[in-house]
Amino acid sequence: MKSANQLLRTLAACAALIGLAACGSKPPSVPQETAAPVTPTQEARVERADFGTMKDGTAIDLYTLTNTKGVIAKIITYGGIVTELHTPDRAGKMADIVLGFNTLEGYLGAHPYFGAIIGRVGNRIAKGRFTLNGTTYKLAVNDGANHLHGGLKGFDKVVWKGEIVKADDGAALKLTYLSPDGEEGYPGNLTATVVYTLTNQNELRIDYTATTDKATPVNLTNHAYFNLAGEGTGSILGHELMIAADRFTPVDSGLIPTGRLDPVAGGPMDFTKPMAIGSRIDKVPLAPPGGYDHNYVLTSGGGALALAARVYEPSSGRVLEVHTTEPGLQFYTGNFLDGTIKGKSGTAYAKHAAFCLETQHFPDSVNQPTFPSTILEPGQTYKTTTVYRFLAQ
Ligand code: GLA
């Protein structure tokens with residue numbers, strides 16, 4: 001269809017060239033609005049490559065998932081880390097929107113869980129201790145007095161088995177890890193699987209499952225650090241965020257929930273309507289060293305896949321939607337990034353260089369009887385799904 005502009009130009013051209021037979025059949029060429037370097041492919045596909053070797057000789061694989069629209073997700077078997085995620089902006093221009101490194105060495109060094117699978121229990125467990133069926137378990141303590149993100153060697157630091165699997169509508173990779181009884185202090189042999197599917201609708205879908213032979217807490221998530229303007233481009237404080245939650249779990253100075261569910265209404269925690277992330281960040285209650293690092297109680301309550309959050313980046317037009325079956329969402333603004341880590345494009349990652357939206361059960365649930373339970377019993381299957389959807393407007 002011709003646009004109004006094109007028609008006007010055509011008419012003007014016709015008026016000037018009356019008598020020429022070609023007039024009206026074809027508008028004069030007008031500059032195209034979009035340069036679209038997106039490379040659509042015939043079929044979604046997964047390719048495997050080497051990504052280096054661990055000190056003990058274990059080879060690490062890199063899987064590249066490409067969908068029919070040219071969106072690319074790269075995932076390694078070390079930590080199940082999403083190392084790259086290339087999505088289009090409003091003009092179709094691609095950028096890598098997650099923080100990370102180019103080499104395995106980067107991921108083997110100190111870093112704050114960039115892109116990794118988090119488990120056996122994501123977020124904090126107070127004093128690394130809990131009692132289950134009359135037995136008190138003592139976990140590895142790695143965050144002051146508390147246990148964080150699975151301990152000293154959580155699921156972010158283990159090697160997963162990778163397997164390319166068939167997806168109805170996209171490209172998929174299945175990762176499997178057997179966490180032995182007693183690992184980081186947790187009871188039971190836990191078999192965890194994580195299926196990453198890059199759908200042809202520009203979604204990265206993550207399906208988590210787990211089974212155990214002894215009752216154990218489980219709370220799996222992914223710790224991608226997003227910057228929708230592109231990795232290494234600066235602060236995310238201008239991104240606009242909506243979180244579908246009217247309550248959050250307030251925390252003490254060690255970021256352990258008090259047990260209350262407080263309303264967000266009217267205050268700096270309120271993202272029920274889209275707001276710039278930085279608009280009230282200096283008024284956020286207790287979250288050292290400053291910024292958001294809080295669990296939101298999703299209005300959906302968990303269970304069915306529902307919209308949890310939507311983020312819009314004004315300069316690129318990129319939009320990220322998070323859908324999940326989980327009841328909670330940790331909103332974290334990269335407060336501990338302090339410029340000491342240089343990322344894949346050579347840029348130092350400063351405070352607020354990215355945000356995380358970690359779908360989860362609430363922190364310290366195993367010690368909080370009023371929170372939804374994280375306990376998986378033998379014979380049950382843990383099953384959760386989170387979908388990151390990439391749009392542009
Ligand atoms: C989570 C925690 C934060 C921080 C980061 C990693 O989001 O809630 O406090 O530990 O992981 O640095």
Side-chain angles (χ1 to χ4, degrees), residues 79-82 98-101 106-107 109-128 139-157 184 219-227 236 241 243 245 248-258 269 271 277 281 284-298 308-309 311 322 324 326-341 343 348-368 371 374 386 388:
I81 295 172
V82 179
V98 293
L99 271 51
F101 305 104
Y107 290 107
H111 74 96
Y113 308 94
F114 288 152
I117 297 170
I118 305 295
R120 184 178 299 200
V121 173
N123 218 303
R124 291 171 175 81
I125 294 179
K127 302 198 166 55
L139 303 174
V141 161
N142 60 327
D143 187 55
N146 303 320
H147 174 91
L148 173 67
H149 291 336
L152 294 165
K153 192 177 175 190
F155 290 6
D156 59 297
K157 295 182 187 67
E184 300 296 302
N219 188 26
L220 306 178
T221 191
N222 177 281
H223 211 307
Y225 282 68
F226 294 101
N227 185 322
I236 48 77
L241 168 69
I243 302 180
F248 74 108
T249 50
V251 286
D252 67 16
S253 59
L255 297 178
I256 298 295
T258 60
M269 302 302 292
F271 284 97
I277 290 176
I281 197 166
V284 173
L286 207 63
Y292 293 93
D293 195 353
H294 293 82
N295 172 63
Y296 281 79
V297 178
L298 295 172
V311 193
V322 182
T324 189
E326 289 282 17
L329 181 74
Q330 186 83 10
F331 171 45
Y332 172 59
T333 44
N335 312 330
F336 295 106
L337 296 172
D338 60 5
T340 52
I341 294 180
Y349 293 141
K351 190 173 182 180
H352 309 319
F355 66 89
C356 304
L357 291 168
E358 303 154 59
T359 55
Q360 61 181 3
H361 271 54
F362 307 166
D364 200 29
S365 287
V366 74
N367 293 310
Q368 298 276 357
F371 287 179
T374 48
T386 292
Y388 292 106

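When reading the values below, keep in mind they use all heavy atoms of this one structure, side chains included, and skip hydrogens, waters and symmetry mates. Just follow the structure's listing: the first ligand is 1, and inside any ligand the first atom is 1.
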Notebook entry, point to check: Would a line drawn from the ring center of Tyr388 to the ring center of Phe226 be shorter than 6.0 Å?
Noted result: yes

Note to self: Minimum distance, heavy atoms only, to atom 10 (O) of ligand 1: which one of Asn142, Leu357, Leu148 is it?
What the structure shows: Leu148

Next item on the list: Give a yes-or-no answer on whether the side chains of Asp143 and Asn146 include a donor-acceptor pair shorter than 3.5 Å.
Entry: no

Next item on the list: Mark yes when over 12 heavy atoms from residues, nucleotides or ligands other than Lys127 sit less than 6.0 Å from its NZ; otherwise mark no.
Entry: no

Item checked: Per-atom contacts of ligand 1 with Glu358, taking only distances under 4.0 Å to non-hydrogen atoms -> 1 (C), 7 (O)

Next item on the list: Please indicate whether any nitrogen or oxygen in His223 is less than 3.5 Å from any nitrogen or oxygen in ligand 1.
Entry: yes

Notebook entry, point to check: What part of Leu255, side chain from CB on, backbone N/CA/C/O, both or neither, has a heavy atom under 4.0 Å from ligand 1?
Noted result: side chain

Notebook entry, point to check: Going by the order shown, which atoms of ligand 1 are within less than 4.0 Å of some heavy atom of Tyr225?
Noted result: 6 (C), 12 (O)

Check: Applying the ring-ring contact (aromatic ring centres under 6.0 Å, His included) test to Tyr292, which of Phe355, Tyr332, Phe331, Phe248 qualifies?
Finding: Phe331

Notebook entry, point to check: Which ligand 1 atoms are under 4.0 Å away from a heavy-atom of Phe336?
Noted result: 4 (C), 9 (O)

Notebook entry, point to check: For the residue pair Tyr296 and His294, is the inter-centroid distance of their aromatic rings smaller than 6.0 Å?
Noted result: no

Checklist line | Proximal atoms of ligand 1 relative to Asp293 (non-hydrogen, under 4.0 Å) | finding: 2 (C), 3 (C), 7 (O), 8 (O), 9 (O)

Check: How are the rings of His149 and Tyr113 set to each other: parallel, tilted or perpendicular (split at 30° and 60°)?
Finding: perpendicular

Check: Do any nitrogen or oxygen atoms of His149 lie less than 3.5 angstrom from nitrogen or oxygen atoms of ligand 1?
Finding: yes

Check: Which atoms of ligand 1 sit under 4.0 Å from any heavy atom of Pro112?
Finding: 12 (O)

Note to self: Please confirm whether the ring centroid of Tyr349 lies under 6.0 Å from the ring centroid of Phe114.
What the structure shows: yes

